[in-house]
S.K.: 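Have a look at this one.
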Amino acid sequence: MVINNESSCPKCGGKLKYYDRVERIVRTKGRSTKWVTVRRLRCCRCGMLHRELPEYVYPYKQYEMEVITGVLDGIITSDTLGYEDYPCGMTMANWISHKSQFLL
Ligand SMILES: [Zn+2]
């Protein structure tokens, strides 16, 4: 879910206003990590907080979209060179079984 400045609340359609910024860590290939700043927006009507995520980060996932889509497309498996145990097989299986949640 990517929220633009003009966006409205996905729950109730109310107006979203800037709330604060949070830092979050994103895991990339090669086991490196990087920090990204995410703005949080608050709905004027229902008070829900929404994160304005960069396009390459799925909500609540600590992996880059490239890795996730690679797994979902079957390009990256636990046998793929460089991804032998990253992400772990359990995580990949979990993504595949919840594939629909990535197709937003
Ligand atoms: Zn709302």
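The first residue in the sequence is number 1, and the count goes up from there. Numbering of ligands and ligand atoms starts at 1, following listing order.
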S.K.: To 10 degrees, how wide is the angle SG (Cys46) to the Zn ion (ligand 1) to SG (Cys43)?
M.R.: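 With the Zn ion (ligand 1) as the vertex, the angle is close to 110°.
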S.K.: Tell me which one of Thr37, Val38, Leu49 satisfies side-chain contact (heavy atoms from CB on, under 4.5 Å) with Val22.
M.R.: Val38
S.K.: Please work out the angle at the Zn ion (ligand 1) defined by atom SG of Cys12 on one side and atom SG of Cys9 on the other, rounded to 10°.
M.R.: 110°
S.K.: Check Ser8 against Gly13 and note the closest heavy-atom contact, atom names and distance.
M.R.: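 What the structure gives for the nearest pair is CB-O, 3.5 Å.
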S.K.: Taking all heavy atoms of Cys9 and all of His50, pick out the closest pair and write down the distance.
M.R.: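 So the minimum-distance heavy-atom pair works out to SG-NE2, 3.4 Å.
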S.K.: Once you round to the nearest 0.5 Å, how far does CZ of Arg42 lie from OH of Tyr18?
M.R.: 14.0 Å
S.K.: I'd like to know: is the Zn ion (ligand 1) within the 2.8 Å range of an N/O/S atom from Cys44, strictly under that distance?
M.R.: no
